[in-house]
Amino acid sequence: MNLLDWLVLLGTIVGIAAYGTWRTRHTDSLNTYLKGNHNTGWMTIGLSVMATQASTITYLSLPGQAYENGIAFIQNYFGLPLALIIVCAVFLPIYRKLGVYTAYEYLGRRFDAKTRLLGASLFLLQRGLQAGITIYAPSIILSTVLGWRLDLTILFTGLLVIVYTVTGGSAAVNLTQRWQMAVIFGGMVTAFVVLLTKLPNDAVHIAGALGKLRAVDLTPDLKQRYTLWSGLLGGFFLSLSYFGTDQTQVQRYIGGAALREGRLGLMFNALFKIPMQFCIVMLGALLFVFYQFQPDTPVFFNQTEWRRHVDSREGPRFRAIEEKYAVAHADKQIKIRAWTAARDRGESVAETSARSAMLEAQRASEAIRKEARDTLRAVDPKAKTKDSDYVFITFILTQLPHGVIGLLIAVMFASALSSKAGELNALGTTSTIDIWRHFRPLAADDELRNVHNAKWFTALWGFFAIAFALFVSFAENLIEALNIVASIFYPALLGVFVVAFFLKKVGGSAVFWAAVASQVLVLALFFAGKFYPAHEIGYLWLNPIGCAACVAFSLMFQAIIGTPARPPAGPANPTA
C-alpha cells in the first residue's frame with residue numbers, strides 16, 4: 001500500500017464514522033436511539049438489513065470458500081426468500097402492532113418473564129460470540145497480510161465502531177450503513193471488473209470442468225454440508241431464525257415510517273440477497289481460474305505464516321514443497337491448455353482424454369497443498385493452516401492498482417464496521433430492555449436513564465467483542481464459523497417463536513423447558529459429530545431438527561402440565 005491507498009482507506013472509514021457521529025450526536029429519545037428515525041425509508045431499511053448480515057467475512061471469506069469448494073455454498077441461501085416472506089407476513093406485523101423494542105418482549109407478553117429472559121439470553125450468548133468473530137475476521141487477515149499488529153488492528157476497528165454506535169444508536173447505524181454499503185458495492189464491482197480483464201476467454205468453461213461451478217447438489221446425504229435439500233430446508237430455518245428472531249435484524253426493520261417500509265426493505269433483501277451472494281461466490285470461482293495461469297501462485301496463501309517457516313531451520317523442508325508445487329502447477333497449466341485447445345477444435349475424443357489428464361493434474365496439485373498444510377501443522381501445531389480466507393486479499397494486494405487497493409481494504413473495514421455496529425446496537429438494546437428493565441422495572445419510565453443505560457451496555461458489549469477477538473482462533477473457514485455458531489443457538493429460539501405464533505394452547509412453562517431440552521439436543525448432536533465423525537451431520541440440518549424438537553417437546557410438556565395459565569395483560573411496551 002502506498003500513500004494514495006492510505007488516503008482512500010482512512011478518508012473513507014474515518015469519514016463515514018465521523019459523519020454518523022456528528023449527524024446523530026443529539027439522539028436522546030429512547031425510541032429513536034433503539035429503533036431509529038420514524039421517517040426511515042424502505043431503501044435505508046433494506047440496505048441496513050443487508051449490511052448487518054453481510055460482514056467482512058462475506059467479502060473476504062466467501063470468495064476463498066468458493067476458491068476451494070466451488071459455488072455450492074450458494075445453496076445455503078435457497079431458503080431465504082421464503083423465510084423473508086413469512087417474516088413479512090407473520091413476525092413484522094406482530095412486532096409493529098405491539099410496539100416492542102425487542103423480539104423478546106413479545107415472548108414476555110405471549111408467555112412469561114422466564115421465557116422472555118431465556119430468549120434474550122440465547123440471543124445475547126450467540127450474538128456476543130458472533131460479534132467477536134465479526135471483528136476478528138478482518139483483523140486477523142489484514143494484520144497478517146499487511147504486517148500490522150493484530151491487537152492494534154482489533155482495537156482500532158472495535159473502538160471506532162463503538163464511538164459512533166454508542167453516540168447515535170440505531171439512527172447512527174442506519175445512517176452509516178447506507179454509505180458503507182455504497183463503498184462495499186463500488187469496491188466489489190471494481191474488483192470483479194479488474195478480475196474479468198485478467199481472465200482467459202475460456203475461464204467459465206475451465207471453472208466448470210474443474211468442478212467449481214456445481215451450484216446444486218441433489219445428494220440426499222445428511223453429512224454433506226451444502227446440498228439442495230439442506231439449503232432449502234436448513235437454510236430456510238436458519239434464515240427464518242436470523243431475520244425473525246435475531247434482534248440485530250429485528251431492530252433494523254421494526255422502525256421506519258410504516259409497516260410497508262419494513263416489508264419493502266425485507267423484500268429488497270429477498271430479491272437481491274441471492275444474486276449478490278452468487279456474484280461473490282462466482283468471484284471466488286473465477287479467482288481459482290485466474291490463479292491456474294499465474295506462475296507464482298503460492299502453495300499456501302497465508303504467505304506471512306508460510307515465509308516465517310521458510311526462513312526458519314525447517315526452511316529446506318518447506319522450500320522442497322514449494323519446488324514440488326511449482327512443477328505440479330506448471331504441469332497443470334499445460335494440461336488445462338491442452339484441454340481448452342481440444343475443446344476449441346471440437347475433438348470430442350481428445351477433449352475427454354485431455355480433461356481426464358487435467359483433473360488428475362488438479363488432484364496432484366491439491367495433494368501438495370494438503371501436504372503443505374500438514375507440514376505446517378506438524379512443525380507448529382498452533383499454526384493457522386486454513387488459508388482460504390487469504391485468497392481474495394492476496395489478489396487485492398498483488399493485482400489491483402494503487403488507490404483501488406485502498407478502496408478494497410476500505411470495503412473490508414466498512415463491512416466490518418456496518419455489521420459490528422448492528423450487532424452492538426442490538427446487544428445494547430436487548431440488555432437494556434429485556435435484562436436491565438426486567439430487574440429494575442421502576443426505571444422503565446425514566447427515558448434519559450434508559451438511553452444512558454443502553455449506551456453503557458452497547459459499549460460493554462463492544463469491549464467484550466474486542467476481548468473475545470483478541471483471544472479467539474478458528475479451524476473453520478470464517479463464514480462457516482459464523483453459520484455454525486448460529487445453527488447451534490438459533491434452532492431452540494426459533495422453536496419458541498413458532499410455538500408462540502401458532503400453538504396458542506401452549507404456555508410459558510412448557511415452552512421454556514422445551515427450549516432448554518431442544519438446546520441440549522442440538523449441542524449433543526453437534527459435539528457428537530465432533531467426537532464421532534462417522535455420526536456427524538451437516539450443520540444446516542441442526543436448524544430444522546432443533547426447531548422441530550422444541551415444538552414437539554412443547555406439546556409433550558404441555559400435555560403433562562395441563563391447561564396453561566394466561567399471562568397477565570401488560571402495556572403496549574411491556575417491561576417485564
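Note that the coordinates shown come from a computational prediction; the quantities given were computed from them, not determined experimentally.
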Answer yes or no: is there a side-chain heavy-atom contact under 4.5 Å between [X] and [Y]?
X: L196; Y: L286; result: yes
X: F123; Y: T248; result: yes
X: W541; Y: S230; result: yes
X: Q292; Y: Q333; result: no
X: H329; Y: F293; result: no
X: E351; Y: R343; result: yes
X: F395; Y: Y291; result: yes
X: V250; Y: T245; result: no

Legend entry - Ring center gap for F300 and Y325 short of 6.0 angstrom: no
Do you know which two heavy atoms are closest between [X] and [Y], and how far apart they sit?
X: I45; Y: G265; value: CG2-CA, 4.3 Å
X: L287; Y: P63; value: CD1-CB, 4.3 Å
X: L218; Y: V216; value: CD2-CG1, 3.9 Å
X: A270; Y: P81; value: O-CG, 3.9 Å
X: F243; Y: L266; value: CD2-CD2, 4.5 Å
X: D387; Y: V299; value: OD2-O, 4.5 Å

Atom pair [atom1]/[atom2] of [X] and [Y] - distance to nearest 0.5 Å:
X: L232; Y: N76; atom1: CG; atom2: CG; result: 11.0 Å
X: E347; Y: T352; atom1: CD; atom2: OG1; result: 11.0 Å
X: E360; Y: S365; atom1: CD; atom2: OG; result: 11.5 Å
X: L542; Y: S518; atom1: CG; atom2: OG; result: 12.0 Å
X: L376; Y: I321; atom1: CG; atom2: CD1; result: 7.5 Å

For the pair [X] and [Y], find out whether any cationic side-chain nitrogen is under 4.0 Å from an anionic carboxylate oxygen.
X: D380; Y: R377; result: no
X: E366; Y: R369; result: yes
X: R319; Y: E322; result: no
X: E371; Y: K324; result: yes

Inset, instruction - Would you kindly check if the NZ (Lys) or CZ (Arg) of K198 is within the cone defined by 45 degrees around the ring axis of F290 and under 6.0 Å from the six-membered ring centre? - result: no
Inset, instruction - List the steps and the verdict of side chain to side chain donor-acceptor pair (under 3.5 Å) for D202 and T340. - result: CA-CA 7 Å; D202 294 326; T340 57; 4.5 Å; no
Legend entry - Residues, nucleotides or ligands: over 12 heavy atoms within 6.0 Å of N201 CG: no
Inset, instruction - Kindly check if the number of other-residue, nucleotide or ligand heavy atoms within 6.0 Å of CZ (F192) is above 12? - result: yes
Inset, instruction - Indicate whether any N or O donor in one side chain lies under 3.5 Å from an N or O acceptor in the other, for Y490 and D246. - result: yes
